[in-house]
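Report on the following structure.
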Amino acid sequence: MIREKNPEGFLSAAEIPLFKLYLTMSACFLAAGIFWVSILCKNTYSVFKIHWLMAALAFTKSVSLLFHSINYYFINSQGHPIEGLAVMHYITHLLKGALLFITIALIGSGWAFVKYMLSDKEKKIFGIVIPLQVLANVAYIVIESREEGASDYGLWKEILFLVDLICCGAILFPVVWSIRHLQDASGTDGKVAVNLAKLKLFRHYYVMVICYIYFTRIIAILLRVAVPFQWQWLYQLLVESSTLAFFVLTGYKFQPAGDNPYLQLPQEDEEDVQMEQVMTDSGFREGLSKVNKTASGRELS
């Protein structure tokens, strides 16, 4: 009997580096999560629930990559994955996907930072994204557990790609709505400086989300098609590196700091302060004149 076997294990040439790649990226996300928690502990006065949700996302991503790395290790050494570890990887992958899109949508809508209630339109977005994420993860599990030659493999792969694009498009709507709201508010409520600072921050966040989607969904696929077979792992490297960069930039933009324009309360304009001072002075003068009149009247009587 002839048995074909890779000298370094059971994985193909494109999959051999994935064990070390996922393990390294898991350590990077873990370090980023620990650093983020340390920032939250130092700035407890301006920490919101969404900040802890961002920390949970980083740790969930790290655990998901760890299980994925261990899964590839056993496949390489034994030729098959350990069922328990594979199930844990699928569970953490499901949680990571749901947390990712929910966190992006919540930050874009301004929840917890500037408001504690979501509008009806934003609730509909979450009602669409969460079920689609469940469907996307079901498609991912089916793809991972089947061979490429299976009859339904192509169908589930197309479902995963379509659902993922719909989710990516849906999470952009809250950011666009927040930008329009700030544009309208900047010219009506008189707090131009604060609203323009927030508007600039939201525009940066919108560009960040677009770049994240572009690199992880389009550029990564083009790279996978263009590179030779033994370099296919560069696709996963680009996806994970882009995700880490997106996490770091999002944390930097929305960190709990006093000078963050997203967390600043509207300040009173100088004209308003001057007007209040004038009104206070005039009121004090009127009161003083009334007291003087009363005192003079008593002296005459």
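Because the structure is a prediction, the values reported are computed rather than measured. Just the heavy atoms: all of them, side chains too, but no hydrogens, waters or symmetry mates, feed the values below.
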[X] atom [atom1], neighbour heavy-atom count above 12 within 6.0 Å:
{"X": "Phe161", "atom1": "CZ", "answer": "no"}
{"X": "Trp177", "atom1": "CH2", "answer": "yes"}
{"X": "Tyr73", "atom1": "OH", "answer": "no"}
{"X": "Tyr206", "atom1": "OH", "answer": "no"}

Linking I/L/V/M/F/W/Y whenever their side-chain heavy atoms sit closer than 4.5 Å, directly or via other members, would Leu132 and Ile171 fall into one cluster?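 No; Ile171 is not reachable from Leu132 via cluster members.
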
Is any side-chain heavy atom of [X] less than 4.5 Å from a side-chain heavy atom of [Y]?
{"X": "Tyr140", "Y": "His93", "answer": "yes"}
{"X": "Leu237", "Y": "Leu234", "answer": "yes"}
{"X": "Phe247", "Y": "Leu100", "answer": "yes"}
{"X": "Asn76", "Y": "Phe19", "answer": "no"}
{"X": "Ser38", "Y": "Phe35", "answer": "yes"}
{"X": "Ile70", "Y": "Phe74", "answer": "yes"}

Using only atom types and a distance under 3.5 Å, with no angle test, would you say the side chain of [X] pairs donor to acceptor with the backbone of [Y]?
{"X": "Ser178", "Y": "Gly108", "answer": "yes"}
{"X": "His51", "Y": "Phe48", "answer": "yes"}
{"X": "Gln133", "Y": "Leu94", "answer": "no"}
{"X": "Asn43", "Y": "Ile39", "answer": "yes"}
{"X": "Glu158", "Y": "Leu155", "answer": "no"}

What distance do [X] atom [atom1] and [Y] atom [atom2] have between them, rounded to the nearest 0.5 Å?
{"X": "Leu99", "Y": "Thr92", "atom1": "CG", "atom2": "OG1", "value": "11.0 Å"}
{"X": "Phe59", "Y": "Ser26", "atom1": "CZ", "atom2": "OG", "value": "11.0 Å"}
{"X": "Ile16", "Y": "Gln230", "atom1": "CD1", "atom2": "CD", "value": "11.0 Å"}
{"X": "Met25", "Y": "Ser64", "atom1": "CE", "atom2": "OG", "value": "12.5 Å"}
{"X": "Ile91", "Y": "Asn137", "atom1": "CD1", "atom2": "CG", "value": "11.5 Å"}
{"X": "His204", "Y": "Leu249", "atom1": "NE2", "atom2": "CG", "value": "11.5 Å"}

Compare every heavy atom of [Y] with every heavy atom of [X], then report the nearest pair and how far apart it is.
{"X": "Asp164", "Y": "Arg217", "value": "OD2-NE, 2.5 Å"}
{"X": "Cys167", "Y": "Val129", "value": "SG-O, 4.1 Å"}
{"X": "Leu118", "Y": "Ser109", "value": "CD2-OG, 3.7 Å"}
{"X": "Tyr235", "Y": "Leu223", "value": "N-CD2, 4.2 Å"}
{"X": "Phe29", "Y": "Leu65", "value": "CD1-CD1, 3.6 Å"}
{"X": "Trp36", "Y": "Met54", "value": "CZ2-CE, 3.8 Å"}

Among Thr103, Ile102, Ile104, side chain to side chain contact (heavy atoms under 4.5 Å, CB included) partner for Leu106: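 The side chain to side chain contact (heavy atoms under 4.5 Å, CB included) with Leu106 is passed solely by Ile102 among Thr103, Ile102, Ile104.
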
Does the ring center of Phe215 lie less than 6.0 Å from the ring center of Phe246?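 That pair fails the under 6.0 Å test.
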
In sequence, state the C-alpha distance, the side-chain angles, and the governing distance for Lys61 and Glu240, and then conclude on side chain to side chain contact (heavy atoms under 4.5 Å, CB included). CA-CA 10 Å; Lys61 176 68 175 177; Glu240 301 303 335; 3.0 Å; yes

